[in-house]
Structure formats: C-alpha cells, structure tokens
Amino acid sequence: SNKMNEIKDKFNCCIHLNGFIGSLTPDKIKSEFKLSDTSYLAEDFLKSEWITLLRNDIHDCDVVVFIGFSLRYDLDIRRIIYNSNINSSKIIFILAEDEPEINLRSFRKCGVPFTIGLKEFSRIIVSEKSEYIPAQIKEYRYLSFKKHEIKSGIEKIHDKDVFDMFFEGNISDQFIYQSLLDSSNQKYFIKRDKIDSVFNSIEAGSKRILVHSDLGNGKTIFVQGLSLLLASRGYSVFSYSRSSENVNNEIEHIASLHKPVIILESYNNYYNILKSILQYANNDLTIIITERTFINDTVYSRLYDDGFIDYINVDLNYLSDAEIIHFIDLLDTYGFWGDFASYSRDKKLSLIKGNNCQKQLRLILLTILNSSDIKKRFSKILNIIIEKKSFYNAVLLILASNVFDFRFDLDQLVYILDDEILLNSTFVNNTSLKEMIDFSRDEIKVRSSILSEAILTNLDDQQILIDCLI
C-alpha cells in the first residue's frame, strides 16, 4: 500500500481501505486486498498507519457520509465509529429503501440512517449543488501554530533588548533577523556555526532535524534564528504554540504549502503532536524538533518507532571558538560583564573556556548573573515577590517546574498549593511576575530558564523550595 508521506495532497485523495486492484501483486493479495470472508475478518487495517488518519478525519470533520456500509464486513470502521467517542449525529448512512428494521437498529447505535437509496441521495446532492453558493474563502487562521514571517525595516537595538533576551527570555525576531543580515553592526544574535550547516542540509533535501542541548544552552534562540533564515529563503515556517481542536487540520494544511517547515520544541512534552505531524507529513515537509539532551537520550528510541528517522543531530551544548569570540564582543558592546568588566580579553577567554563556564552558554550567563551589578537589576522583582507569601511559593514552584521540566496550568497550580488567591487577577497581572512568567498560554511558561536557575540557586532558605515540591 502507499505510505502516507508519499501523498502530498491529503485533502482530495481516494483511499481504498479494502485494497486497490490497480496496485495488486501476488504477494499482497492476502494482506492488502479484501476478497473473502477470511480477509475481511483480518485486522491488517487496524495495524496500518492509515488508521490514525481515518480516526482523526472522522473526529475533525463536520459530517461523514457512508454509502454501501456493511454491518457484516466493515467491522474495522464500525469499531472505530463505536469506540472513538464521536458525536453520532454527524455520522450518516445512506441505505436501501427496504433496509430491514433489525439492521436500522444497529446503524442507529453508530449514526443516523437514511433509507433513501443511492439514486435519491444523488438527486439531492445535484439539486443542492445547483443552488449552493460557496462561502468566500478567507485567509487561513491558525490556532495551534505560529507562522514565522520577515518584517522589513531596521530598528535600533538597545542594551535593554539584549539584556532582556539573555536574562528574561524576551527574544525579538526582528533583532535576530537584523543580526543575520549584518552581524557586525547589528549585535544581538550569536549566530551558531551549525545554523548554516543545518540550512544547507535542508536545502539539500534533509527533512528531519533534531536539536538538543542542556537547559539554557540556546535551543530556542537557535531554532528562532533558523526559522527566520528559512523564511527569508522562501520556506513556509510554523512553530507549534498551543493545543486546539483544529490542530490536525492545521498540520495537514501546512504540509500542503510551498516548502513547508514545522518546528516543535520540547517534543517529549508534546509527543502526541509529533505523532500527528508525522502522520500528516508528506515528502515536502521538513520537521524540526528540540529537546533537552538528557531527556532526548532517554526517549529518542521512540522516534525511530514512530518514523522520525534519518535525522540530522544538532548538539548545541558547547560554543565553538568563533562563537565565543562573537559572544565576548556582544557582552563588551553592551557592558554586561558585571564583576568581570575589568578582565582583559584573554582573561575573559580563559573564564569562558575554564572549569567555571566550560564553553557552555548556560554557565557563562549564570556566572555573569551572579555578579553583584547584574543582581541589582532583579532585586526589585524579588523583593516584591518575597513580600507576598502566596505569590512567593507559587513563583518558586513555577521556576522549579521550568528547571525540572514538569508542566502545569494555573488551575493545577492552585490545586497543588491549595490557595485560591492565585486565581485573583492581581497574581497573573502582576507587572513584576510578568517579567519572568508568561500566563497568556494554555500552560504557564517561564520566560528565562537561566533566571529560573539563578533565583533557585541563590535562595536564602532552600527548605521553602523543598516544601513546595513535596
């Protein structure tokens, strides 16, 4: 049978569930072609990759019409309809006018039977079509995915913009793109050496990219830079942002676009989404996924089982010598060395390459963040949080969830801490908290993993954190 990724347009394709005689061969006649009672009773279809697509389509569509449905032979489809918790009112069966009542009772368990026959059904369709005026096609609206687009113009980059990127996680696509165009005069984004190699691999036909690093070593900003580079070269680039009932339709639509790319960060947390992407993928779709190194090392074998194979492996844990030079230039430009501002260039190189920082972006930023000058910038935020015990415990738990990679929404946070004051708008709208935490999504998201780790490491009383976690 055809592989799903071989079909570019899944909107308008005819799938022969019981086999297609045009592609029949002697070795397939027993497994892929339904000809006898024995072959109809076999469960080959339930093991097929097409089964998930059928389930998703039945779940997502507005109406499903079955013509010539057999209660005796179409057992696989009957099981899917009966066991999938689907709204039966949208399942329609077109049956013969003399269909026995005993059969109708069985059909009503799965959907709505119409005993009008194929001829009358065809007449109704032709009649409705002659008077039907299609709704005006509007621009496709994405709920689950964000499209990466290039904006024209140049904006001035200030030191606060760079500080917010490193220590508060507020990353500007505009400034990244400006840096990609002119890294000498637009100092913002450290273009990792592997961006060009990954881009060239995609241009050469690679369709699966796995990006991994430890916490805070630059996965997110790497894929943002790569996404903008791809978008500037004519790719249709989308990142998964939130769950919605329309997610499968959106994946299918994206896969049909010109040079489509889907980016899924922290793939292990959204593995069901990755499986859907792989189900709807075609040979044109490029899939880029990210994960923390230690998590990926634990779960990556699942990728092979689900068809994420022949991928480019991108390890971002260590900066190259060229990247270190660029990073030093960036920190020099904006004066972010804190207590190390007086260090010579060679001494800064030694600091980054030595045991303290080990060429890792996370350790470099934590070292700088722990300097007295940089700490002062966050003292006001921390003082406001500490003054309110409920807020303080909640924030510690949220920051810990980012470091230890477990996720929850606001309702779950209230349940864990047993404190409904967190549902008060003063919590989610607190200006200081919003500098660190994003409450606008389905789940609570910490803006900066570096800041999370720095705050938790420097707690005066670690027992408070332990009490929150247990």
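Evaluated for a side chain to side chain donor-acceptor pair (under 3.5 Å) with H212, the options T293, N217, N296 yield exactly one hit, T293. The only member of F189, F327, Y334, Y188 that meets ring-ring contact (aromatic ring centres under 6.0 Å, His included) when paired with F166 is F327.
Taking V63 as the reference, V65, I92 meet the side chain to side chain contact (heavy atoms under 4.5 Å, CB included) condition, with sequence neighbours excluded. Residues meeting the side-chain hydrogen bond (donor to acceptor under 3.5 Å, both in side chains) test with K194, sequence neighbours left out: none. Under the side chain to side chain contact (heavy atoms under 4.5 Å, CB included) criterion, L181 pairs with Y177, sequence neighbours left out.
Looking at E265 and K219, no side-chain N of the basic residue comes within less than 4.0 Å of a carboxylate O on the acidic one, giving no salt bridge.
Of the possible polar contacts, one joining the S122 side chain to the L118 backbone as a donor-acceptor pair under 3.5 Å is found. Side chain of K259 to main chain of R233: a donor-acceptor pair is present (N/O by atom type, distance under 3.5 Å, no hydrogens or angles). Remark: side-chain polar atoms of S241 are paired, donor with acceptor, to backbone N or O of S144 under 3.5 angstrom. S236 places no side-chain N or O within donor-acceptor distance of the main-chain N or O of P260, the cut-off being under 3.5 Å.
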For residues 149-156, which side-chain donor-acceptor pairs fall under 3.5 Å, sequence neighbours excluded?
none

Can you give the donor-acceptor pairs under 3.5 Å from side chains of residues 302-311 to other protein atoms, not counting sequence neighbours?
unit_1, atom_1, unit_2, atom_2, d
R302, NH1, N268, OD1, 3.2
D306, OD2, Y271, OH, 2.8

Using atom types as modelled, flag every donor-acceptor pair under 3.5 Å from a side chain in residues 101-114 to any protein atom, sequence neighbours excluded.
unit_1, atom_1, unit_2, atom_2, d
E101, OE2, R108, NH1, 3.1
N103, ND2, E99, OE2, 3.0

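Within the 4.5 Å cutoff, no side-chain heavy atoms of R242 are placed close to those of F145.
E203 and Y235 share a side-chain donor-acceptor pair at under 3.5 Å. Neither side chain, N317 nor S213, offers a donor N or O lying under 3.5 Å from an acceptor on the other. Checking S239 against H148 by side-chain atom types alone, a donor-acceptor pair falls below 3.5 Å.
Residues D284 and K207 approach most closely at O-NZ, 3.4 Å, considering heavy atoms. The minimum heavy-atom distance linking M165 with I171 is given by the pair CG-CG1, 4.1 Å.
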